[in-house]
Amino acid sequence: MPRLDQHFWSCSCTRRRSHPRACAGGLAARVGEMMNSSVSRSSRLGAPSGSDSDPSPGPRGTGVEGPSGSWHHHLVQRSLVLFSVGVVLALVLNLLQVQRNVTLFPEEVIATIFSSAWWVPPCCGTAAAVVGLLYPCIDSHLGEPHKFKREWASVMRCVAVFVGINHASAKLDFANNIQLSLTLAALSLGLWWTFDRSRSGLGLGVTIAVLATLVAQLLVYNGVYQYTSPDFLYIRSWLPCIFFSGGVTVGNIGRQLAMISLGATAPSRKGPGKGWNILEKE
């Protein structure tokens, strides 16, 4: 009898002890099933569709331009800014020459605005756009980025000095044109030394002065316009100095615009950190 009682009590105790373990095991199994089902549902919802997972390149319609599109956009902007600068400088500086009777245009081609011929502003604007875009391109090809005084304050001072040189060519009175030409040549070289000091800037300035002088000689020879008291074939001897200083000035403007364009496009092409590191190295 005691053995049966002991057996009975031992069975009941065993059942009571094993019941919580069974409940805990069942609860853990249910929790595991719920977690598995939730994970499977989230994976189904987060899986991309066939159209979204297509890795083929092409326009997505997001409005974000690629590197080439952004580069062309900034190139057009720089060209328009340089063209506008050339037009304004041509109108203002040519007015000084016309008022002092240094440059003479036929009456039939004189426009009412600033007493200039109609073809002068667009030609000077186009030349300014070409020169302003050419300077940074030559710098990049030569591997000599321009580092001297790269800020807008220096560019504005360079423009002011260039306008002063052109004003001096029309206002200053010397005994002969040779003295005036030597003075303007010294001022033009001083402008290059103060605001440029690069070999590419010096070479391009001399090249621009030679080419522009040849074009001016041809225009005067064909009777498009003329200079009073010419002493260098058909033109004034100080005119190459004006072309040289003008090329250096427009080149500095083009370099500054190119630096701004590089700062706008470099982060989008190489990330926010690498793009700005390029600017810091230059």
Side-chain angles (χ1 to χ4, degrees), residues 78-100 102-103 114-116 120-136 138-139 146 148-172 174 177 179-213 215-216 227 232 235-260:
R78 287 160 52 195
S79 301
L80 292 177
V81 172
L82 290 168
F83 181 84
S84 302
V85 170
V87 169
V88 173
L89 289 177
L91 291 175
V92 174
L93 301 181
N94 192 58
L95 177 63
L96 298 174
Q97 305 291 338
V98 173
Q99 286 182 345
R100 295 287 293 181
V102 177
T103 306
F114 291 104
S115 300
S116 177
V120 173
C123 290
C124 292
T126 303
V130 173
V131 172
L133 295 176
L134 188 61
Y135 262 76
I138 296 297
D139 291 338
H146 185 63
F148 185 70
K149 292 186 177 182
R150 297 182 65 172
E151 63 273 353
W152 278 112
S154 176
V155 173
M156 293 298 103
R157 288 193 295 268
C158 183
V159 173
V161 173
F162 169 61
V163 173
I165 292 174
N166 189 85
H167 186 74
S169 66
K171 294 290 185 180
L172 294 181
F174 284 83
N177 287 330
Q179 295 181 358
L180 178 60
S181 300
L182 293 177
T183 302
L184 294 181
L187 292 175
S188 300
L189 289 176
L191 181 142
W192 168 79
W193 181 258
T194 304
F195 301 103
D196 194 328
R197 295 188 187 182
S198 65
R199 292 180 298 176
S200 60
L202 179 62
L204 281 174
V206 173
T207 303
I208 291 168
V210 172
L211 294 178
T213 301
V215 172
Y227 287 92
F232 181 50
I235 62 174
R236 294 286 188 93
S237 57
W238 46 259
L239 193 60
C241 303
I242 302 296
F243 291 144
F244 174 82
S245 57
V248 173
T249 302
V250 175
N252 283 335
I253 297 175
R255 284 166 169 168
Q256 193 69 22
L257 292 174
M259 187 182 69
I260 295 176

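- With a 4.5 Å cut-off on side-chain heavy atoms, M156 and E151 do not count as touching.
- A185 is linked by a side-chain contact (heavy atoms from CB on, under 4.5 Å) to C241, counting only residues two or more places apart in sequence or in another chain.
- S200 pairs by the side-chain contact (heavy atoms from CB on, under 4.5 Å) definition with I138, D139, L142, S198, R255, not counting sequence neighbours.
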Side chain to side chain contact (heavy atoms under 4.5 Å, CB included) evaluation trace for T213 with F232:
CA-CA 10 Å; T213 301; F232 181 50; 3.9 Å; yes
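- Annotation: the span from N94 atom CG to C124 atom SG amounts to 7.5 Å, rounded to 0.5 Å.
- The side-chain contact (heavy atoms from CB on, under 4.5 Å) check on S181 picks up S237, W238, with sequence neighbours excluded.
- Between L91 and P121, the shortest heavy-atom contact is CD2-CG, 3.4 Å.
- In this structure, the side-chain contact (heavy atoms from CB on, under 4.5 Å) partners of C158, at least two apart in sequence or on a different chain, are L191, F195, T249, N252.
- For S245, the side chain to side chain donor-acceptor pair (under 3.5 Å) test picks out no residue, with sequence neighbours left out.
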Between Q97 and S169, is the side-chain hydrogen bond (donor to acceptor under 3.5 Å, both in side chains) condition met? List the steps.
CA-CA 8 Å; Q97 305 291 338; S169 66; 3.2 Å; yes
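- Side-chain contact between Y227 and L239: present, with at least one pair of heavy atoms (C-beta onward) separated by less than 4.5 Å.
- No side-chain heavy atom of V215 sits under 4.5 Å from any side-chain heavy atom of L211.
- The shortest distance between side-chain heavy atoms of V248 and W193 does not fall below 4.5 Å.
- Atoms CG and CZ, from L93 and F162 in turn, are 5.0 Å apart once rounded to the nearest 0.5 Å.
- Atom CG of L184 and atom CD of Q179 lie 12.0 Å apart (nearest 0.5 Å).
- For the pair V131 and I208, the minimum side-chain heavy-atom distance is below 4.5 Å.
- Between R197 atom CZ and W192 atom CH2 the span is 8.5 Å, to the nearest 0.5 Å.
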Kindly list each side-chain donor-acceptor pair under 3.5 angstrom involving residues 78-86, sequence neighbours excluded, with atom names and distances?
{"residue": "S79", "atom": "OG", "partner": "L75", "partner atom": "O", "Å": "2.9"}
{"residue": "S84", "atom": "OG", "partner": "L80", "partner atom": "O", "Å": "2.9"}

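- The line from CG of N166 to CD1 of I242 is 5.0 Å long, rounded to the nearest 0.5 Å.
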